[in-house]
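Report on one structure; see the data block that follows.
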Amino acid sequence: MSLRKKIKKELIGTSDYPSNKIFTVSNCITFARLMLTLVFLYLFTHDFDRHIALLVYAIAASTDWLDGQIARMTRTVSWLGKMMDPVVDRALLFTGVLGLVVRGELPFWVCAVIIGRDAYLALGNFIVRRFHRRPIDVVYTGKISTALFMAGFTLMLLGLPVLDGLGLTSAAWLPGLNAAPAPLGIFFVYLGIPFSLLTAVIYTVKGYRAARRAIEHPEAEEDFLHPDIVESDAAGVE
């Protein structure tokens, strides 16, 4: 049984009812942000001026706010933009992580945990979306982990301030917790890791339950990508 929504034409392009458009100003800005992350990674890992590389990174990060504002103000919010935006955000984070690993300023295991977790969630989302069309609600532990990671990696990219090691262990793979000096940002990263892993567990449970409900009650799944668009102002959203 189809439960397709009937949506007034003037609502298409809003946050609640994205359009299927591809070539919008906001999408172009999002794509440019992706290109800037690659430029940053090249500059940061090839002994160019560190401050120039960080300026490119800052410009890329700032456009995350810009493209969303333009899309909402011009009512050009699109499904492509909603899908690209989190992907590019993660790409921005990953390039910062990879840059630090290449320069030997971040342990490889931290990179493996962060990228491995996101790859696992991406695969899980692909599987769940085969059955469950609606996005799964945001998990607040994920927001906390992202905030900690971004704060930590920003401080590490700046390389300041550098603190004396705590001397809690002799393990070389735990900078800052051992006796070696380390930038303050590494401690934010350590705090973000348990929140990140907890988020993966929560999303796994939520995704499993959502997919199981969709399999048991396929009639409850609505077609969000291709709603019925009506012209009349008198027609509301069903």
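What you see below is based on every heavy atom in this structure, not just the backbone, and it leaves out hydrogens, waters and symmetry mates. Bear in mind the structure is a predicted one, so any value in this text is a computation, not a measurement. Residue numbers count from 1 along this sequence.
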Self-check item: Tyr203 side chain vs Val139 backbone, donor-acceptor pair below 3.5 Å
Solution: yes
Practice problem: Go through the steps for Leu191 and Phe187 under the test side-chain contact (heavy atoms from CB on, under 4.5 Å), then give the verdict. | Solution: CA-CA 6 Å; Leu191 287 173; Phe187 297 102; 5.8 Å; no
Quiz item: With distance as the sole test, does Trp173 use its side chain to make a donor-acceptor pair with the main-chain N or O of Trp109 at under 3.5 Å?
Solution: no
Quiz item: When rounded to the nearest 0.5 angstrom, what is the spacing between CZ in Arg130 and CG in Asn125?
Solution: 13.0 Å
Practice problem: Could you tell me whether a side-chain N or O of Thr146 sits under 3.5 Å from a main-chain N or O of Lys143, the two making a donor and an acceptor? | Solution: no
Exercise. Could you check if a side-chain atom of Val189 sits within less than 4.5 angstrom of a side-chain atom of Val110, using non-hydrogen atoms only?
Key: yes
Quiz item: Between Phe131 and Ala214, which heavy-atom pair has the shortest distance, and what is it?
Solution: O-CB, 3.2 Å
Quiz item: Considering only heavy atoms from C-beta outward, does the side chain of Val162 approach that of Leu184 to under 4.5 Å?
Solution: no
Quiz item: Any side-chain heavy-atom pair from Leu100 and Leu157 closer than 4.5 angstrom?
Solution: yes
Quiz prompt | Validation row: Pro161, Pro183 side chains within 4.5 angstrom (heavy atoms) | solution = no
Quiz prompt | Residues Thr204, Tyr120; criterion side-chain hydrogen bond (donor to acceptor under 3.5 Å, both in side chains); working and verdict | solution = CA-CA 10 Å; Thr204 298; Tyr120 165 76; 2.6 Å; yes
Quiz prompt | same_hphob_cluster(Met156, Leu166) at 4.5 Å side-chain heavy-atom cutoff | solution = yes
Self-check item: Pairs where residues 96-107 contributes a residue and the test salt bridge (charged side-chain N to carboxylate O under 4.0 Å, His left out) is met, not counting sequence neighbours
Solution: Arg50-Glu105, Arg103-Glu105
Quiz prompt | Heavy-atom pair of closest approach, residues Thr199 and Gly142 | solution = OG1-N, 3.0 Å
Quiz item: Looking at side-chain heavy atoms only, is the closest gap between Arg209 and Val205 below 4.5 Å?
Solution: yes
Practice problem: For Asp164 and Pro181, indicate whether the former's side chain and the latter's backbone hold a donor-acceptor pair under 3.5 Å. | Solution: no
Quiz item: Checking Arg117 side chain against Ser196 main chain: does a donor-acceptor pair fall under 3.5 Å?
Solution: yes
Exercise. State yes or no: do Leu163 and Tyr190 share one hydrophobic cluster built from I, L, V, M, F, W and Y residues joined by side-chain heavy-atom distances below 4.5 Å, directly or via other members?
Key: yes
Self-check item: Straight-line distance of Thr30 OG1 to Asp89 CG, nearest 0.5 Å
Solution: 8.5 Å
Quiz item: Is the backbone of Leu92 close enough, under 3.5 Å, to the side chain of Tyr57 for a donor and an acceptor to pair up by distance?
Solution: yes
Exercise. For Arg90, check salt bridge (Lys or Arg N to Asp or Glu O under 4.0 Å) against everything at least two apart and list the hits.
Key: Asp118
Quiz prompt | For Leu43 against Ala53, the heavy-atom pair lying closest together | solution = CB-CB, 3.9 Å
Quiz item: Minimum heavy-atom separation for Leu34 to Val88, with atom names?
Solution: N-CG1, 3.9 Å
Quiz item: When you look at CZ of Phe31, are more than 12 heavy atoms from neighbouring residues, nucleotides or ligands closer to it than 6.0 Å?
Solution: no
Practice problem: Examine Phe108 and Ile114 and state if one hydrophobic cluster contains both, with Ile, Leu, Val, Met, Phe, Trp and Tyr joined whenever side-chain heavy atoms are less than 4.5 Å apart. | Solution: yes
Practice problem: Specify the closest pair of heavy atoms between Leu98 and Cys111, including all atoms of both residues, with the distance to one decimal. | Solution: CD2-SG, 3.8 Å
Practice problem: Measure up the Phe149 and Phe153 rings against each other and bin them: parallel (under 30°), tilted (30 to 60°), perpendicular (over 60°). | Solution: parallel
Practice problem: Can you see which heavy atom on Phe188 is nearest to which on Ala151, and at what distance? | Solution: CD2-CB, 4.3 Å
Practice problem: Flag the pair Asn178 / Leu168 as yes when at least one side-chain heavy-atom distance between them is below 4.5 Å, and no otherwise. | Solution: no
Quiz item: Would you say the side chain of Thr37 lies within less than 4.5 Å of the side chain of Leu41, judging by non-hydrogen atoms?
Solution: no
Quiz item: Linking I/L/V/M/F/W/Y whenever their side-chain heavy atoms sit closer than 4.5 Å, directly or via other members, would Tyr140 and Val201 fall into one cluster?
Solution: no
Quiz item: Under 4.5 Å between side-chain heavy atoms, hopping through other hydrophobics if needed: is there a path connecting Leu106 to Tyr42?
Solution: yes
